[in-house]
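A quick write-up on the structure given underneath.
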Amino acid sequence: MAISVVRLGSRRAKDEGTRIGTVRRPPRGVPKEDYAKRDFYDAWLPDLAPTAPVIARAHKDWSAFVKAYRREMSKPAAQRLLEVLAQLSQGSNFSVGCYCEDESRCHRSILRELLAEHGAKLHA
């Protein structure tokens, strides 16, 4: 049982479980009823996505983006969500993800760290 951190729209892994989209916007041009069928996500959780002003920083200064996103995720509501996901990972397989091609330059790399800091079980 663990959390997988994935690129939304990629082929699902065996036993991946429910896929949660941690993005601000749904996939463009895809009907809502096709989100899961096309391997985007089963449930949408935009509360763990960076806000638009923070995303704008990612293209200019990655370290400033990381600090700003961590600051957003330090707010009580985000902390509660991270704690819930960490607890769920102890007994369930599920995944969280974003559309970005390169995880190393995507908020999901930081989300992976934050989940680990909250005690989540993570797939490698």
Side-chain angles (χ1 to χ4, degrees):
M1 304 297 149
I3 302 172
S4 298
V5 180
V6 301
R7 180 177 183 202
L8 301 179
S10 65
R11 186 180 200 116
R12 292 177 192 251
K14 184 181 178 198
D15 298 324
E16 182 180 307
T18 299
R19 188 175 274 198
I20 301 168
T22 60
V23 291
R24 284 278 163 213
R25 297 191 181 355
R28 291 182 185 174
V30 178
K32 187 175 183 176
E33 61 273 9
D34 289 345
Y35 294 169
K37 290 180 207 169
R38 293 180 55 187
D39 291 331
F40 285 103
Y41 52 76
D42 303 301
W44 186 31
L45 188 59
D47 307 281
L48 292 180
T51 59
V54 170
I55 290 170
R57 292 182 185 183
H59 303 291
K60 297 175 186 170
D61 182 347
W62 179 252
S63 62
F65 167 77
V66 171
K67 288 177 188 172
Y69 179 59
R70 280 186 164 274
R71 192 168 32 258
E72 286 185 340
M73 293 298 102
S74 70
K75 294 179 180 173
Q79 288 291 301
R80 287 189 296 272
L81 286 172
L82 291 166
E83 183 61 31
V84 166
L85 294 179
Q87 289 298 317
L88 289 172
S89 75
Q90 306 304 311
S92 302
N93 282 332
F94 62 95
S95 60
V96 296
C98 180
Y99 308 117
C100 298
E101 190 171 341
D102 181 3
E103 182 179 329
S104 70
R105 298 293 281 187
C106 174
H107 82 279
R108 72 180 187 265
S109 64
I110 300 131
L111 182 56
R112 178 190 297 275
E113 293 171 1
L114 291 166
L115 288 164
E117 290 165 15
H118 281 79
K121 287 185 176 181
L122 293 155
H123 286 290

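This one's a predicted model, so the numbers in the text were calculated from it and none came from an experiment.
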Exercise. With the threshold set at 4.0 Å, does a side-chain nitrogen-carboxylate oxygen contact exist between Asp42 and Arg12?
Worked result: yes
Exercise. Which residues pass the side chain to side chain donor-acceptor pair (under 3.5 Å) test with Gln87, sequence neighbours left out?
Worked result: Glu83
Exercise. Are any of the side-chain heavy atoms of Leu81 and Leu85 separated by less than 4.5 Å?
Worked result: no
For this session: Output all residues satisfying ring-ring contact (aromatic ring centres under 6.0 Å, His included) with Phe94, sequence neighbours left out; order by chain, then residue number.
Result: none
Exercise. Going by heavy atoms in the side chains, are Leu48 and Val96 under 4.5 Å from each other?
Worked result: no
For this session: Run the numbers on His107 and Ile55 for side-chain contact (heavy atoms from CB on, under 4.5 Å), then give the verdict.
Result: CA-CA 9 Å; His107 82 279; Ile55 290 170; over 6 Å; no
Problem set entry | Joint hydrophobic cluster, Met73 plus Val23, side-chain heavy atoms closer than 4.5 Å | no
For this session: Could you tell me whether Lys75 and Glu72 have a side-chain N and a carboxylate O separated by less than 4.0 Å?
Result: no
For this session: Kindly compute the distance separating OG (Ser95) from CG (Leu122), expressed to the nearest 0.5 Å.
Result: 11.5 Å
Exercise. So which pairs with a foot in residues 113-122 pass side chain to side chain donor-acceptor pair (under 3.5 Å), sequence neighbours left out?
Worked result: Arg70-Glu113, Arg70-Glu117, Gln79-His118
Problem set entry | Heavy-atom pair with the smallest gap, counting every atom of Trp62 and Ser109 | CZ2-OG, 4.0 Å
Please report, to 0.1 Å, the donor-acceptor pairs under 3.5 Å made by any side chain of residues 1-10, with sequence neighbours excluded.
| residue | atom | partner | partner atom | Å |
| --- | --- | --- | --- | --- |
| Arg7 | NE | Tyr99 | O | 2.9 |
| Ser10 | OG | Arg7 | O | 2.5 |

For this session: Would you list the pairs meeting ring-ring contact (aromatic ring centres under 6.0 Å, His included) in which at least one residue belongs to residues 2-39, sequence neighbours left out?
Result: Tyr35-Tyr41
For this session: Check step by step if side-chain contact (heavy atoms from CB on, under 4.5 Å) holds for Thr51 and Tyr69.
Result: CA-CA 8 Å; Thr51 59; Tyr69 179 59; over 6 Å; no
Problem set entry | Arg25 CZ: over 12 foreign heavy atoms closer than 6.0 Å | no
Seminar exercise, completed: Hits for salt bridge (charged side-chain N to carboxylate O under 4.0 Å, His left out) against Lys37, two or more places apart or cross-chain, chain-then-number order -> Asp34
Seminar exercise, completed: Heavy-atom nearest pair, Trp44 first then Gly21, reads CD1-O, 3.5 Å
Exercise. Counting distance only, does the side-chain N/O of Arg108 pair as donor-acceptor with the main-chain N or O of Gly97 below 3.5 Å?
Worked result: no
Exercise. What do the steps show when you test Thr18 against Asn93 for side-chain contact (heavy atoms from CB on, under 4.5 Å), and what is the final call?
Worked result: CA-CA 7 Å; Thr18 299; Asn93 282 332; over 6 Å; no
For this session: Kindly give the heavy-atom pair with the smallest separation between Val54 and Phe65, and that separation in Å.
Result: O-CD1, 3.1 Å
Exercise. Does CD belonging to Glu101 count more than 12 external heavy atoms closer than 6.0 Å?
Worked result: no
Seminar exercise, completed: Closest non-hydrogen contact found for Phe40 with Val30 is CE1-CG2, 3.9 Å
